[in-house]
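Since the structure comes first, as structure tokens, the remarks are kept for the end.
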Amino acid sequence: MHWEVPIHNFDYFLYGNTVLDSTFPFIHNPEGLVASVILAIFGIFGAFWLGLAAGLMRLSKKWWVKYPAVCYIEMIRGMPLLLLIFWFYYLAPVITGQTMPAFTTTMFCFMFFTGAYVGEIVRAGVIALPKGQMEAARSTGLSHFQAMQLIILPQALRNMIPSFVNQFVSLTKDTSLAAILGVIELTRTGVQVNNRDMASFEVWITIACLYFMICYVLTSYSRRLEAQLSRYQARDR
Amino acid sequence: MDYNFHWAQMFSGEPVQWMWEGFVTTMQVSVISLISAMLLGILICLMRMTPFKPVQWLSLAYTEFFRNTPLLIQIFFWYNASHYVLPAVVNEWINDLYYWFPGSFSLFGHEFVGEWMLFNAELISGVIALTVYTSAFIAEEIRAGIFSIPKNQLEASRAVGLSFLQGYRFVILPQALRIVIPPLISQALNLIKNSSLVMVLGVADIMYQATQIESYHAMPFEAFTVALLIYLVISLIVSFCINMYNKHYMIQVMY
């Protein structure tokens, strides 16, 4: 193994290389970036509804409603996402009887994976509310379902928002795993450009910075949201 | 659904041996990176709490950067780009490690053949990536734990006559550690799950062995299910331990 120190050439990324015709590969040709963002947004959208269902099911008192959700949440939380992706990739054709594109496969995996974590967030959000809220709602004549819909969930969702945004951030980072099945997203374009141009340092720093920018915007937005919400809560007291 | 399951083959001969080797590698990677991540995390946390501003900024930048970039990218970076920026001395040192601890070597008269695969470039990069990634999270958690103890606890301890360090040692840290340890353990759990990513470098952990079985024996479903069960059992055991710990040591809130 012999490693040598080459000359760094970030100009190459800024102004392009006419021979290889790659002008700032990740911005000029944003196919990968767009795919990553689509995966993250679709993933979190599916995960929200799945997590809401799983979290509320887990709060139920009926065992046949509760335990499927417990199994789902515990199982998904106990396995690596990479494993889920591989497993689903080989399992899906067995179930459906036809091949599934890698993009769809990974998107379903992101939904299922993040859904379990969102489920826990929903459960924690509902449990954190004082018990009296439900009792008061029931005593005014609302049914359990109505009380959930009109009183409990709006408050719980407000408490959930910071951790939900955190989950969005980690899902955005996790979308890099789709590269392993060959989905053309940010990381995969990184691998391709790296293989083609052999400029690994510039490639991985650029990709890392792109992910960092996406995630940092989300985190700072979450922080501002959190501050705003806690300000309202302070006014309540 | 015309898929023939071969569960019996999965639990005999080569697959079992490979899975066991993968399990050992996963555990080696996880334990080494967990210990070093703890040390690095504590260091970063201390840096964050020093009164000297530039050190704080450095630690903040470190935490933010490594928390907000995907682990996969970091693994790729440490494996195939870091040696361009690391000082030549460090590269030499890693090369030397590889020279002294190749796949087989003898130590104290015992011949380690193929069972000691720790010091190759792939595994070292994987461990470094996991360490750095996890240490950023650990630093944040320790800091949050210490900050969650009200400041007047320290003031009260000073008023009773304890020194600053004694106040930390006898009042703040015993309370902070009880808060911090459960999230630290779940961070360890995350680390074990994240260690599956080092397979992209060709480190022969559980995931790698599962893909190996998939391609050699054509049993994708069985291989990945067994890998899933291994990770699941590890996670369930650890989370059971966390719950037991919580039950025993949770701080009782008195109203």
Side-chain angles (χ1 to χ4, degrees), chain A residues 1-8 36 74-91 93-97 169-170 172-180 186-187 190-191 194 198-205 207-220, chain B residues 1-3 64-88 91-92 94-95 98-99 120-121 186 189-190 192-197 199-200 206-207 210-211 214 219-221 223-225 227-236 238-239:
Chain A
M1 192 179 354
H2 180 64
W3 286 337
E4 56 190 38
V5 179
I7 301 157
H8 298 136
S36 281
E74 291 296 326
M75 209 166 123
I76 298 282
R77 273 162 57 93
M79 68 166 116
L81 177 55
L82 184 61
L83 183 53
L84 180 69
I85 288 175
F86 271 116
W87 196 54
F88 197 68
Y89 187 63
Y90 290 106
L91 179 69
V94 176
I95 296 172
T96 59
V169 170
S170 44
T172 312
K173 292 194 294 172
D174 285 342
T175 54
S176 65
L177 291 187
I180 288 170
L186 206 44
T187 312
V191 173
N194 183 22
M198 298 207 263
S200 33
F201 182 75
E202 292 88 331
V203 167
W204 295 125
I205 288 292
I207 296 267
C209 287
L210 285 174
Y211 274 108
F212 178 76
M213 283 192 291
I214 300 173
C215 294
Y216 195 75
V217 167
L218 285 172
T219 341
S220 50
Chain B
M1 201 172 130
D2 45 355
Y3 182 86
E64 288 300 325
F65 187 77
F66 288 112
R67 281 181 68 193
N68 285 327
T69 45
L71 179 58
L72 189 61
I73 305 291
Q74 290 182 30
I75 286 177
F76 279 135
F77 173 80
W78 290 110
Y79 181 58
N80 62 23
S82 68
H83 52 271
Y84 294 147
V85 276
L86 288 179
N91 287 341
E92 289 286 314
I94 292 173
N95 285 348
Y98 186 64
Y99 177 77
N120 53 34
S186 71
L189 207 56
N190 275 343
I192 295 173
K193 289 191 288 171
N194 283 336
S195 75
S196 66
L197 287 187
M199 87 167 258
V200 297
I206 296 176
M207 277 304 292
T211 51
E214 184 259 313
M219 308 189 288
F221 186 70
F224 287 112
T225 306
L228 188 154
L229 288 177
I230 295 174
Y231 279 111
L232 194 64
V233 166
I234 297 172
S235 307
L236 288 181
V238 176
S239 64

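Chain identifiers are assigned alphabetically (A, B, ...) following the order of the sequence lines, protein sequences preceding nucleic acid strands; residue numbering begins at 1 within each chain. Being a predicted model, the structure only gives us computed values, none of them experimental. Every heavy atom of this structure was used, including side-chain atoms; hydrogens, water molecules and symmetry mates were not.
Ring planes of F65(B) and F212(A): tilted class, angle from 30 to 60°. Using bins of under 30°, 30° to 60° and over 60° for the plane-to-plane angle, the ring pair F201(A)/F77(B) lands in the tilted bin.
Neither the backbone nor the side chain of T96(A) has a heavy atom closer than 4.5 Å to any heavy atom of chain B. Residue contact with chain B, scored on non-hydrogen atoms closer than 4.5 Å, involves the backbone and the side chain of L83(A) alike. Using a 4.5 Å cut-off between heavy atoms, L177(A) contacts chain B through both its backbone and its side chain. In this structure, chain B has a heavy atom under 4.5 Å from the side chain of Y90(A), while its backbone stays farther away. Neither the backbone nor the side chain of D174(A) comes within contact range of chain B; no heavy atoms are under 4.5 Å apart.
Nearest approach of S176(A) to P70(B), heavy atoms of both residues: OG-CB, 3.4 Å. Of all the heavy atoms in E64(B) and Y216(A), the pair that sits closest is OE1-CE1, 3.6 Å. Of all heavy-atom pairs spanning K173(A) and N68(B), the tightest one is CD-C, 3.8 Å. Here the shortest heavy-atom pairing between P80(A) and K193(B) reads CB-O, 3.4 Å.
Of all the listed residues (M79(A), E74(A), R77(A)), the one sharing the greatest number of non-hydrogen pairs under 4.5 Å with chain B is M79(A). Taking chain B as the reference chain and counting heavy-atom pairs below 4.5 Å, the highest number among Y211(A), Y89(A), W87(A) is found for W87(A). Ranked by non-hydrogen atom pairs under 4.5 Å with chain A, the options T225(B), V233(B), L236(B) are led by T225(B).
The side chain to side chain donor-acceptor pair (under 3.5 Å) search around S200(A) returns none, not counting sequence neighbours. Residues satisfying the salt bridge (charged side-chain N to carboxylate O under 4.0 Å, His left out) criterion with E214(B), sequence neighbours excluded, are absent altogether.
At a threshold of 4.5 Å between non-hydrogen side-chain atoms, the residues F76(B) and T187(A) count as touching. Looking at heavy atoms from C-beta onward, R67(B) lies out of side-chain contact with V169(A) at the 4.5 angstrom threshold.
Taking CD1 from I214(A) and OG1 from T69(B), the interatomic distance works out to 12.0 Å, rounded to the nearest 0.5 Å. L72(B) contributes atom CG, which lies 11.0 Å from atom CG of L186(A) (distance to the nearest 0.5 angstrom). Residue S170(A) holds its OG atom at 12.5 Å from CG of L71(B), rounded to the nearest 0.5 Å. Atom-to-atom distance recorded for L82(A):CG and N194(B):CG is 10.0 Å, nearest 0.5 angstrom.
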